[in-house]
Amino acid sequence: MIDQTLTLPNGRTLKNRIVKSAMSEALADAQNNPSQGQIDLFRRWSNGGAAMLITGNTPVDRWHLEHAGNFVLDPLSDLDQVARLTEAAKSGDAVVLAQLAHAGRQTPQAVNPAPTSISTEDMDLSGYGAPQQATDADLEAVIKKFSRSAQLAQQAGFDGVQIHGAHGYLLSSALSPRINTRDDHWGGPLENRARLLLSVVRAVRAVVVPEFIVAVKLNSSDFQKGGFSHEESVLVAQMLEAEGVDFIEISGGTFETPTAYQHASQKESTKTREGYFLEYAKAIKAAITIPLMVTGGFRSVEVMNGALQRAETDLIGLGRPFIIDPEFPTKLLSGVLNMAPAIEREFPPASELPRGAVLNWFCEQLSLLGRVGDTNLELSIEEGHARYLEFIQVATDAFLRARTEMGLRRPGS
């Protein structure tokens, strides 16, 4: 049941089973520190009743961002400001994790036109530069950056970190035989493709205290021909358990195949539309003994409780409902609501919209929630999409100006 506690392998107990999964807040300032709006939003989420909050992409390298509004954890970060974020996020007795990430080839060209990647395989999307294949030294540096950022997270008051090994970012692309075309000890067989992720986990675990949570977000599948498969995901989950992670969250897809960001028709009433990845979760859950978190599509308490009772998952990850009503977990747990909030409108088919329009509409709502304290759900999909693209452009321009003022230069420039 969603109101039950859960004790993680490191002994940390979560007060219930509801987790705010990572969403792209894009609320950092030009120096990539948490803004006051981001701090206020995490305080509101914490007091909304969820057991755990996970930040959106928190890059370990400020030249490899998901986009310019990311909050970064590196030696240039303002740790006093980061500590204010963690204090706010824990104010309602929630556990808070920083989602450590390296965007790799999914770094926007405006941020870095020549991002470090596992190979030179280009993105099949516009707006991304030509990836540069990482050397051994580059990958060892990436591993050190993850461990350094985990130490900074611990210093700033986070309860743990989630290492982002999903959605096509660097660690995820290393797992994919479609993208990872290397013929050295980082490529080829699965044990080689998993080396980067496992090395990061090992390095992070070595520098934090035992009670600090170390989790991993892993694709159940890339849903791309020749990509990281579900069968391989089960095997990597077992490898991660052997490295001592406290739980695994499963998702799916990449920027090129954005399965995790799909939207279902409101006209489809069947409960099978809930919990996008539950079918994939079953095999992973059967293969490991550590807790599993499934994110994507959950709405009804009935389906959430059913998944928990059938041991298909241990934690229920939700994202978009936290945008619509930041306080909804308390209402679900108390029985005031039996459904997580959803947008009461029918979205046009994706084929009739610009690519990413629905996702960007939600991102605009999240941005508004942080910047002005409330959403504007009456915005059309097209208008929300356009406004968010404008917002990101402004953030990118500010990011680049700040880099100049800080005396920083793009690697290789």
Side-chain angles (χ1 to χ4, degrees), residues 1-4 6 8 14 16-23 50-52 54 162 164-168 172 175 215-224 227-238 240-241 245-254 257-322 328-329 332-333 337-343 359 362:
M1 304 291 281
I2 59 172
D3 60 349
Q4 292 177 329
L6 176 69
L8 300 176
L14 305 180
N16 59 57
R17 303 301 181 94
I18 299 177
V19 179
K20 186 206 79 68
S21 61
M23 294 185 287
M52 184 160 59
I54 305 176
Q162 182 187 62
H164 201 336
H167 297 172
S172 172
L175 291 168
V216 171
K217 188 165 189 170
L218 180 70
N219 270 359
S220 57
S221 171
D222 287 351
F223 302 107
Q224 287 181 310
F228 183 59
S229 70
H230 179 50
E231 293 74 19
E232 289 180 323
S233 180
V234 174
L235 295 173
V236 172
Q238 292 175 316
L240 290 169
E241 178 172 17
V245 302
D246 291 298
F247 71 89
I248 296 170
E249 177 187 2
I250 64 162
S251 189
T254 69
T257 54
T259 311
Y261 313 117
Q262 64 183 300
H263 63 281
S265 168
Q266 297 297 317
K267 293 178 181 177
E268 295 186 62
S269 59
T270 173
K271 295 183 178 65
T272 62
R273 291 300 302 152
E274 292 194 43
Y276 303 148
F277 301 108
L278 276 177
E279 284 301 313
Y280 296 93
K282 293 175 184 176
I284 296 175
K285 188 78 176 75
I288 59 175
T289 62
I290 59 174
L292 186 69
M293 172 177 160
V294 177
T295 299
F298 286 110
R299 290 298 178 267
S300 68
V301 171
E302 179 184 356
V303 170
M304 296 177 201
N305 284 338
L308 293 168
Q309 290 168 342
R310 293 188 300 273
E312 294 170 346
T313 187
D314 300 288
L315 292 166
I316 303 294
L318 298 111
R320 291 173 179 176
F322 282 93
F328 83 90
L332 288 186
L333 293 162
L337 293 178
N338 61 14
M339 293 282 291
I343 298 295
L359 174 61
F362 276 99

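Just so you know, these numbers use all the heavy atoms, side chains as well, and skip hydrogens, waters and symmetry mates.
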For this session: Using atom types as modelled and distance alone, determine if a side-chain donor or acceptor of N338 lies under 3.5 Å from a backbone N or O of V301.
Result: no
For this session: Answer yes or no: does atom OH of Y280 have more than 12 heavy-atom neighbours from other residues, nucleotides or ligands under 6.0 Å?
Result: no
Exercise. Between E249 and T295, is there a donor-acceptor pair closer than 3.5 Å when you use the side chain of the first and the backbone of the second?
Worked result: no
Seminar exercise, completed: I250 and S220 have their tightest heavy-atom pair at CD1-CB, 4.2 Å
Problem set entry | Distance in Å, R320 CZ paired with R299 CZ, rounded so as to fall on 0.5 Å steps | 7.5 Å
For this session: Enter the distance from Q238:CD to I284:CD1 here, rounded to the nearest 0.5 Å.
Result: 10.0 Å
Problem set entry | Heavy-atom donor-acceptor pair, S21 side chain to L318 backbone, under 3.5 Å | yes
For this session: Identify the heavy atoms of S251 and H167 that sit nearest to each other, and give their distance.
Result: OG-NE2, 2.7 Å
Seminar exercise, completed: CG (L218) and CG (L240) are apart, to the nearest 0.5 Å, by 6.0 Å
Problem set entry | Reported CD-to-CG distance for the pair Q4 and D314, which is rounded to 0.5 angstrom | 10.5 Å
Problem set entry | Closest heavy-atom pair and its distance - E312, V294 | O-CG2, 4.3 Å
Seminar exercise, completed: Of all heavy-atom pairs linking V234 and A287, the shortest is CG1-CB, 3.6 Å
For this session: Using modelled atom types only, decide if a donor and an acceptor are shared between the side chain of N219 and the backbone of G165 within a distance under 3.5 Å.
Result: no
Problem set entry | Non-hydrogen atoms of I2 and L308 that approach each other most closely | N-CD1, 3.7 Å
Problem set entry | Criterion side-chain contact (heavy atoms from CB on, under 4.5 Å) on L278 and F298, from CA distance to verdict | CA-CA 10 Å; L278 276 177; F298 286 110; 3.9 Å; yes
Problem set entry | Separation between OG1 of T313 and NZ of K282, rounded to the nearest 0.5 Å | 12.0 Å
Problem set entry | Minimum-distance pair of heavy atoms, taken over all atoms of S233 and F228 | CA-CZ, 3.4 Å
Exercise. Roughly how far, to the nearest 0.5 Å, is CD1 of I54 from NZ of K20?
Worked result: 7.5 Å
Problem set entry | R17 (side chain) donor-acceptor with M1 (main chain) under 3.5 angstrom | no
